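See below for the structure under consideration.
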Amino acid sequence: MSLKIADIVAPMVTAAKDSLSTDWSKVKDYAKPEFKRLAHTLVDIAKLAANQKVSAAEAKSLLRIHKNTTLMVMLTVEGLGIIAAENAINAALKVVRDTVNGALPFKLL
């Protein structure tokens, strides 16, 4: 199974929006492109893994780096706390967990 950005970015944005509820309006202009970049990263990691260019440990490290980047972008929004930002990112990744993990020979999420 190959991952496509279009298949995972919309559910990620929706999950983050639901997680942030009233704070979504503060972060949406930053979050939408950032989740698109995170989805692109997941697709890239899946391709690298499929071509045996990265191990499971390396893939998880790459994801951790990009999750942290997403967190930093969301934390730049005044009033959005670290817990809210982390919860939104975790919700976004949870909603695509089966899709992403199904495209890899190991569990990334």
Side-chain angles (χ1 to χ4, degrees):
M1 172 185 190
S2 73
L3 283 179
K4 294 185 178 116
I5 294 169
D7 293 338
I8 60 175
V9 73
M12 290 173 69
V13 169
T14 299
K17 180 180 178 182
D18 292 346
S19 174
L20 290 168
S21 61
T22 58
D23 287 327
W24 178 250
S25 62
K26 296 177 193 174
V27 73
K28 70 179 178 183
D29 292 335
Y30 299 94
K32 286 180 179 180
E34 198 57 37
F35 281 114
K36 186 172 182 178
R37 280 188 278 280
L38 188 56
H40 194 281
T41 295
L42 292 169
V43 169
D44 287 345
I45 290 170
K47 286 178 186 174
L48 289 169
N51 293 320
Q52 299 179 347
K53 301 286 184 182
V54 295
S55 67
E58 291 168 327
K60 289 176 185 184
S61 291
L62 285 170
L63 176 59
R64 193 169 34 258
I65 290 166
H66 290 278
K67 276 179 65 175
N68 286 337
T69 301
T70 302
L71 179 60
M72 292 302 113
V73 168
M74 292 181 69
L75 287 175
T76 63
V77 178
E78 187 174 333
L80 188 62
I82 192 165
I83 300 298
E86 285 181 342
N87 286 344
I89 293 165
N90 290 337
L93 291 173
K94 182 179 179 184
V95 76
V96 297
R97 178 178 291 139
D98 291 341
T99 303
V100 171
N101 288 343
L104 295 166
F106 54 85
K107 290 185 179 181
L108 180 63
L109 302 176

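Computed from a prediction, not measured in an experiment: that's the story for all the values here. Heads up: numbering here begins at 1 and tracks the sequence.
- Summarising the geometry, atom OG1 belonging to Thr70 is positioned 12.0 Å from atom CD1 belonging to Ile65; distances are rounded to the nearest 0.5 Å.
- Under the side-chain hydrogen bond (donor to acceptor under 3.5 Å, both in side chains) criterion, Glu86 pairs with no residue at all, not counting sequence neighbours.
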Just list the side-chain donor-acceptor pairs under 3.5 Å for residues 5-14, sequence neighbours left out, or say none.
{"unit_1": "Thr14", "atom_1": "OG1", "unit_2": "Ala10", "atom_2": "O", "d": "3.1"}

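- Taking all atoms of both residues into account, the shortest heavy-atom contact from Leu20 to Met74 is CD1-CE, 3.8 Å.
- Among all heavy-atom pairs drawn from Leu104 and Ala46, the shortest one is CD2-CA, 3.4 Å.
- Listed by first and then second residue, the side chain to side chain donor-acceptor pair (under 3.5 Å) pairs that reach into residues 40-51 are His40-Asp44, Thr41-His66, sequence neighbours excluded.
- Both Phe106 and Leu3 belong to a single network of hydrophobic side chains, linked directly or stepwise wherever heavy atoms of I, L, V, M, F, W or Y lie under 4.5 Å apart.
- Every side-chain hydrogen bond (donor to acceptor under 3.5 Å, both in side chains) that Ser55 has, sequence neighbours left out, goes to Glu58.
- Here the closest non-hydrogen pair linking Phe35 and Ala88 is CZ-O, 4.2 Å.
- Here Leu71 contributes atom CG and Thr76 contributes atom OG1; the two are 10.0 Å apart, rounded to the nearest 0.5 Å.
- The line from OG1 of Thr69 to CG of Leu38 is 9.0 Å long, rounded to the nearest 0.5 Å.
- Put simply, the side chain of Asn101 never gets that close to the backbone of Lys107: no donor and acceptor are under 3.5 Å apart.
- Among all heavy-atom pairs drawn from Ala92 and Val95, the shortest one is O-CG1, 3.1 Å.
- Residues that satisfy the side-chain contact (heavy atoms from CB on, under 4.5 Å) test with Ala91, not counting sequence neighbours, are Ala15, Ser19.
- Residue pairs meeting the salt bridge (charged side-chain N to carboxylate O under 4.0 Å, His left out) criterion with at least one member in residues 32-42, sequence neighbours excluded: Glu34-Arg37.
- Tyr30 and Met72 end up in the same hydrophobic cluster when Ile, Leu, Val, Met, Phe, Trp and Tyr side chains are linked at under 4.5 Å.
- Take Lys67 and apply the side-chain contact (heavy atoms from CB on, under 4.5 Å) test, not counting sequence neighbours, and it matches Leu63, Ile89, Asn90, Leu93.
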